[in-house]
Trainee: 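Below are the structure tokens for one structure; questions will follow.
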Protein chains: 2
Amino acid sequence: MPSTTARAVTPIPRTTLTESAFEQLISYVVKGSWKPGDRIPPERELCQQLGIARTSLREALKAMELVGMLDSRVGDGTFVCARSEFLSRPLLWAFTGTDHAELRDIMEARMLLEQDLAGLAAERATPGEVDKIGDAVRMMRASIDSGVSILDADMAFHLAVAEGAHNEVLRNAVQLLRNLMRQWIYLKLLIPDVPAQVLRRHEAIYGAIRRRDSEAARKAMWKHLNETAMLVTQMVEQNSGSKKKPRRSKE
Amino acid sequence: MPSTTARAVTPIPRTTLTESAFEQLISYVVKGSWKPGDRIPPERELCQQLGIARTSLREALKAMELVGMLDSRVGDGTFVCARSEFLSRPLLWAFTGTDHAELRDIMEARMLLEQDLAGLAAERATPGEVDKIGDAVRMMRASIDSGVSILDADMAFHLAVAEGAHNEVLRNAVQLLRNLMRQWIYLKLLIPDVPAQVLRRHEAIYGAIRRRDSEAARKAMWKHLNETAMLVTQMVEQNSGSKKKPRRSKE
DNA sequence: TTGACATAGTGGTCAGACCAATATACCATC
DNA sequence: GATGGTATATTGGTCTGACCACTATGTCAA
């Protein structure tokens with residue numbers, strides 16, 4: 001695009017009806033108008049409400065379904081999924097298994113974001129929210145004692161910390177990153193001794209948050225997720241038998 | 001679902017043509033048959049190859065487009081995106097799906113992310129990348145001296161820092177956040193004396209990165225963006241004349 | 001060289017028809 | 001009351017064909 005000598009001009013944005021519908025429908029989900037478990041209006045009704053053809057609407061709905069936000073059932077309707085389902089479809093995290101640099105970037109991004117969230121939670125969480133973090137810790141202890149998977153308790157803990165940070169944008173972002181890593185998190189928690197270690201890390205994070213010690217919360221969360229990253233890296237390498245590639249400094 | 005007394009039965013999996021097509025097309029991308037920049041076959045041809053109706057294919061293609069894997073251009077064709085784009089769209093949902101406290105959350109998220117990026121750039125940027133950051137600082141000095149907008153130089157600086165951090169996920173995320181704030185950044189830079197101040201802040205960040213002082217880079221970036229957040233908050237309040245709302249502690 | 005015009009190709013949108021699956025209601029039989 | 005069968009309405013799934021909107025490319029005239 002040649003530069004003009006006068007005033008710079010900006011391209012006119014193009015969009016499609018499908019994309020507009022997609023964005024509008026997503027905002028219903030993310031903003032909470034449509035809650036997990038809700039049944040959204042039938043296609044024939046929704047396309048009239050939106051003033052577009054049913055085909056265009058289906059394109060948007062199908063996209064939302066394929067990324068895990070919606071679940072459509074013939075004869076019944078279309079339902080909103082839990083947030084933990086978004087982006088957690090096996091197909092989508094096929095990427096994280098094939099490009100190790102990408103997986104590392106995701107893990108690192110998650111470490112940085114969750115560290116920030118832990119620090120903010122220590123500063124901002126209400127007493128009720130701190131209790132909720134504690135509940136998740138106790139839930140994990142109970143899960144370990146009764147021999148069931150700690151996956152749900154793990155999710156609940158991280159979510160409660162993110163809630164306590166009072167930043168919707170970061171909370172949503174880190175949730176998506178977690179969802180992308182869902183397979184790896186699941187596999188990690190199957191390793192003997194890992195659940196007990198995870199519990200200890202969560203206890204340390206919870207303790208720092210309760211004491212309102214932001215820096216300690218950050219450090220504890222970083223330590224926890226760094227261990228996760230190392231375990232996942234090992235799993236990935238065992239999976240692919242590939243050589244360890246230098247990560248930093250492109251030169 | 002009542003349990004049977006005999007042998008447990010498993011549900012018969014249901015699928016749709018759209019989902020099958022989605023899976024097959026994604027595997028072309030994942031496995032590298034379709035590389036970034038490649039133009040995939042036209043819809044009318046591809047639907048024949050797959051043996052499905054064009055509408056069903058479009059649903060799959062649209063989904064891939066909306067998660068950032070494909071880019072379709074009317075009259076031209078549909079192209080495979082760079083890998084680094086794949087997470088951009090989903091992150092955008094996280095960033096834009098929130099309501100009234102949105103701008104503040106976005107600004108804070110940006111501060112936290114860019115702080116992290118500055119710290120990482122100090123550790124990881126190649127000499128060439130450090131030079132590029134310096135170029136952006138010199139570009140801004142030249143823009144101020146010749147009285148033109150520093151918008152481009154501002155963008156170039158932040159982008160160069162993000163590049164030096166070597167984390168694609170965070171780089172994408174911060175680009176998206178900057179885009180969301182584009183209007184406010186533009187208005188901020190119109191305020192007298194702000195460009196000179198921005199230049200000083202950029203110089204401090206650049207200096208810290210050049211010295212490889214990660215902590216100083218973080219602090220300098222935080223200071224810079226905190227000032228931005230305050231200016232933008234003032235602008236927002238002047239715009240709306242609204243009362244300042246308590247931000248923290250939901251109780 | 002530039003501008004105008006025509007054409008072909010590609011994605012975007014729509015409408016309508018029909019199919020497949022499910023939920024629900026009702027009835028008969030044991 | 002429980003089970004099975006049938007009918008109906010509803011919902012999502014698929015297909016077809018038509019047409020529109022935009023872009024790339026080629027040709028021709030000034």
Side-chain angles (χ1 to χ4, degrees), chain A residues 1-2 4-5 11-25 28-29 34 37-81 89, chain B residues 1-6 9-25 28-29 34 37-81 89:
Chain A
M1 170 158 142
T4 62
T5 52
I12 296 171
R14 300 296 157 98
T15 194
T16 63
L17 291 181
T18 296
E19 185 165 358
S20 299
F22 184 70
E23 285 170 2
Q24 184 169 328
L25 299 178
Y28 295 152
V29 173
W34 289 350
D38 279 4
R39 181 178 174 279
I40 72 171
E43 292 177 1
R44 289 172 179 87
E45 190 179 308
L46 196 53
C47 73
Q48 282 182 3
Q49 288 173 18
L50 293 173
I52 60 176
R54 188 173 155 220
T55 313
S56 300
L57 170 67
R58 282 185 56 81
E59 288 176 7
L61 289 178
K62 214 62 189 170
M64 290 169 79
E65 186 181 355
L66 289 169
V67 299
M69 283 183 173
L70 298 178
D71 174 31
S72 45
R73 301 176 214 145
V74 179
D76 198 3
T78 300
F79 298 83
V80 180
C81 296
R89 295 293 205 97
Chain B
M1 173 157 137
S3 61
T4 62
T5 55
V9 295
T10 55
I12 295 171
R14 300 297 157 95
T15 194
T16 64
L17 290 181
T18 296
E19 184 164 358
S20 299
F22 183 70
E23 287 171 1
Q24 185 167 327
L25 298 179
Y28 295 151
V29 176
W34 289 350
D38 279 3
R39 181 176 173 283
I40 71 171
E43 293 179 357
R44 289 172 179 88
E45 189 179 311
L46 195 53
C47 74
Q48 281 182 4
Q49 288 172 19
L50 292 173
I52 61 177
R54 188 172 154 219
T55 312
S56 300
L57 170 68
R58 281 185 58 83
E59 288 175 5
L61 289 178
K62 216 61 191 172
M64 291 170 78
E65 187 181 351
L66 289 167
V67 298
M69 291 179 187
L70 298 178
D71 174 31
S72 45
R73 301 176 214 144
V74 178
D76 200 1
T78 299
F79 298 83
V80 180
C81 294
R89 292 299 192 85

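Below, all heavy atoms of this structure are taken into account, side chains as well, without hydrogens, waters or symmetry copies. These figures come from a predicted structure and were not determined experimentally. Numbers restart at 1 for each chain; the letters A, B, ... are given by sequence-line order, proteins then strands.
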Trainee: How far does OG1 of A:T16 sit from CG of B:L66, to the nearest 0.5 angstrom?
Mentor: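 The distance works out to 7.0 Å.
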Trainee: Would you give the length of the straight line joining atom OG1 of A:T78 to atom CD1 of A:I40, rounded to the nearest 0.5 angstrom?
Mentor: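 Going from the OG1 atom of A:T78 to the CD1 atom of A:I40 covers 5.0 Å.
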Trainee: Could you state the interatomic distance from CG (A:L46) to CG (A:L57), rounded to the nearest 0.5 Å?
Mentor: 5.0 Å
Trainee: Nearest 0.5 Å please: distance from the CE atom of A:M69 over to the CG atom of A:L25.
Mentor: 10.0 Å
Trainee: Please find the earliest and latest nucleotides of DNA chain D, in the 5' to 3' direction, that have an atom within less than 4.0 Å of any heavy atom of chain A.
Mentor: D:dT10 to D:dT23
Trainee: Would you compute the distance between atom OG1 of B:T55 and atom CD of A:E59 and round it to the nearest 0.5 angstrom?
Mentor: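 The distance works out to 8.0 Å.
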Trainee: Which heavy atom of A:T18 sits nearest a heavy atom of A:S56, and at what distance?
Mentor: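 Smallest heavy-atom distance, with atoms named: OG1-O, 3.4 Å.
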Trainee: Under the rule for salt bridge (Lys or Arg N to Asp or Glu O under 4.0 Å), what residues qualify as partners of A:R54, not counting sequence neighbours?
Mentor: A:E43
Trainee: Write down the atom of A:F79, the atom of A:G37, and the distance for their closest heavy-atom approach.
Mentor: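 For A:F79 versus A:G37, the nearest heavy atoms are CD2-O, 3.7 Å.
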Trainee: Dot-bracket for DNA chain D, 5' to 3', with Watson-Crick and G-U pairs under 3.5 Å, [ ] for crossing pairs and | for other-strand pairs: what is it?
Mentor: ||||||||||||||||||||||||||||||
Trainee: For DNA chain C, which residues in residues 51-65 of chain B have a heavy atom at a distance below 4.0 Å?
Mentor: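 By residue number: B:R54, B:R58, B:K62.
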Trainee: Within this structure, what is the CG-CG distance for the pair A:L50 and A:L17, rounded to the nearest 0.5 Å?
Mentor: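 Going from the CG atom of A:L50 to the CG atom of A:L17 covers 10.0 Å.
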Trainee: So which protein nitrogen or oxygen atoms get under 3.5 Å of nucleotides 19-24 of chain C's nitrogens or oxygens?
Mentor:
from: C:dA21; atom 1: O3'; to: B:R14; atom 2: NH1; distance (Å): 3.4
from: C:dT22; atom 1: OP1; to: B:R14; atom 2: NH1; distance (Å): 2.8
from: C:dT22; atom 1: OP2; to: B:R14; atom 2: NH1; distance (Å): 3.4
from: C:dT22; atom 1: O4'; to: A:V74; atom 2: O; distance (Å): 3.0

Trainee: Under the rule for side-chain hydrogen bond (donor to acceptor under 3.5 Å, both in side chains), what residues qualify as partners of A:S72, not counting sequence neighbours?
Mentor: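 Here the qualifying residues are A:E65.
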Trainee: Tell me, please, which residues at least two apart from B:D38 pass salt bridge (Lys or Arg N to Asp or Glu O under 4.0 Å).
Mentor: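 For B:D38, no residue satisfies salt bridge (Lys or Arg N to Asp or Glu O under 4.0 Å) once neighbours in sequence are set aside.
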Trainee: Once side-chain hydrogen bond (donor to acceptor under 3.5 Å, both in side chains) is applied, do any residues pair with A:R39, and if so which ones, sequence neighbours excluded?
Mentor: none
Trainee: Distance check needed: C:dC14 C1' versus A:Q48 CD, whole Å only.
Mentor: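 Roughly 14 Å, once rounded to whole Å.
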Trainee: Rounded to the nearest angstrom, tell me the gap between atom CG in B:L46 and atom C1' in C:dG11.
Mentor: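 About 13 Å, once rounded to whole Å.
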Trainee: Who passes ring pair (Phe, Tyr, Trp, His ring centres under 6.0 Å) against B:Y28, sequence neighbours left out?
Mentor: B:W34
